[in-house]
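Structure record follows, encoded as structure tokens.
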Amino acid sequence: MLARAARGTGALLLRGLNILIPVLDRIRYVQSLKEIVINVPEQSAVTLDNVTLQIDGVLYLRIMDPYKASYGVEDPEYAVTQLAQTTMRSELGKLSLDKVFRERESLNASIVDAINQAADCWGIRCLRYEIKDIHVPPRVKESMQMQVEAERRKRATVLESEGTRESAINVAEGKKQAQILASEAEKAEQINQAAGEASAVLAKAKAKAEAIRILAAALTQHNGDAAASLTVAEQYVSAFSKLAKDSNTILLPSNPGDVTSMVAQAMGVYGALTKAPVPGPQDSVSSRSSRDVQGTDASLDEELDRVKLS
């Protein structure tokens, strides 16, 4: 779509039939209403942290008012290009080098707004602006690469230290759990061992008590005393045969060749023990009278003295 401006009368020729007066009127300007693409040449710009950049871009604009574009400015495209360059240098001066790369979209939007405010009186509207290339000085590029490498080494060191810390924590936690489990196992073992020993002592006590009850019942039967006397005599004789094996001290009777006297002595000890008063089934050992205890002890002492003298 084209719009023509007639020179002399200042009239705008639109589509359709237009009549021009020869010599007085002629077509002076032809403006295209399509979107126009303009390359912004590369230029230098200094950032906020005093880094010089070489930057270029692409400008997209459209003529909204052909009359203003024809008579408001001599060369609209050149004017808009120069405005875009000056605006870009001004906006880059407000940003540091790192923010230039991170905030490219906001930078483009700021340049578009600044161009539209200035080019409104020219009948031109800027649709968008795009930065094509940003060239950094070689030394600055090397510094940026070193910074990136240092940042990556830092992250690698931090990750390695975190891995070492996690490993140490896991090892310590494992040792802690192992010690806890070992102590619990030892505790359970001691408890089981104590329970086993208690059960063994209780079983032995019950067996001994049962043996005593059986022995007591046997003694009450016919000829029970004679059988007990025979057992005591056998144990008494067997004890003398083991003295020389278990100890260096040997105790012998006055007449070791007289087996009859040894048996008589053993029977005498058993008879002295059987003559001691036995508490009734309803009396406890703690309720025994002191007189009975003293009498029993005296009879035992007399019997032992008699055995030694013989």
Side-chain angles (χ1 to χ4, degrees), residues 157-253 262-263 265-301 303-304 307-308:
T157 304
V158 171
L159 292 176
E160 184 178 0
S161 63
E162 290 181 354
T164 304
R165 186 188 67 175
E166 292 293 334
S167 176
I169 292 174
N170 292 335
V171 171
E173 188 69 23
K175 290 182 179 179
K176 176 183 176 182
Q177 294 295 332
Q179 291 179 356
I180 292 174
L181 294 176
S183 63
E184 290 180 354
E186 184 177 0
K187 177 182 176 182
E189 182 181 2
Q190 292 178 357
I191 292 174
N192 293 334
Q193 185 177 1
E197 292 177 357
S199 300
V201 172
L202 182 60
K204 290 179 180 180
K206 290 182 178 179
K208 189 174 182 179
E210 185 66 23
I212 292 173
R213 283 195 295 269
I214 294 172
L215 181 59
L219 291 175
T220 58
Q221 295 179 0
H222 181 67
N223 294 328
D225 294 339
S229 299
L230 178 59
T231 302
V232 171
E234 290 177 352
Q235 293 179 357
Y236 185 78
V237 173
S238 177
F240 279 102
S241 64
K242 295 180 180 180
L243 288 176
K245 296 180 181 179
D246 298 336
S247 175
N248 294 329
T249 304
I250 302 175
L251 298 177
L252 295 175
M262 294 174 60
V263 174
Q265 291 177 6
M267 296 301 295
V269 172
Y270 174 74
L273 293 175
T274 54
K275 293 178 182 179
V278 181
Q282 296 179 355
D283 297 335
S284 62
V285 175
S286 60
S287 65
R288 183 182 300 172
S289 63
S290 59
R291 182 181 300 174
D292 294 336
V293 174
Q294 292 176 357
T296 304
D297 293 339
S299 61
L300 287 175
D301 292 337
E303 185 64 27
L304 290 174
V307 171
K308 291 179 180 179

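Model, not experiment: these values are computed from the prediction. Counting begins at 1 with the first residue of the sequence.
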Considering only distance and modelled atom types, tabulate donor-acceptor pairs under 3.5 Å from the side chains of residues 176-186, sequence neighbours left out.
from: Gln177; atom 1: NE2; to: Glu173; atom 2: OE2; distance (Å): 3.3
from: Ser183; atom 1: OG; to: Gln179; atom 2: O; distance (Å): 3.1
from: Ser183; atom 1: OG; to: Ile180; atom 2: O; distance (Å): 2.7

Pairs of donor and acceptor atoms involving the side chains of residues 195-209, under 3.5 Å and at least two apart or interchain, shall be tabulated with distances.
from: Ser199; atom 1: OG; to: Ala195; atom 2: O; distance (Å): 2.8

Query - Pairs flagged by side chain to side chain donor-acceptor pair (under 3.5 Å) wherever residues 161-170 is involved - sequence neighbours left out - result: none
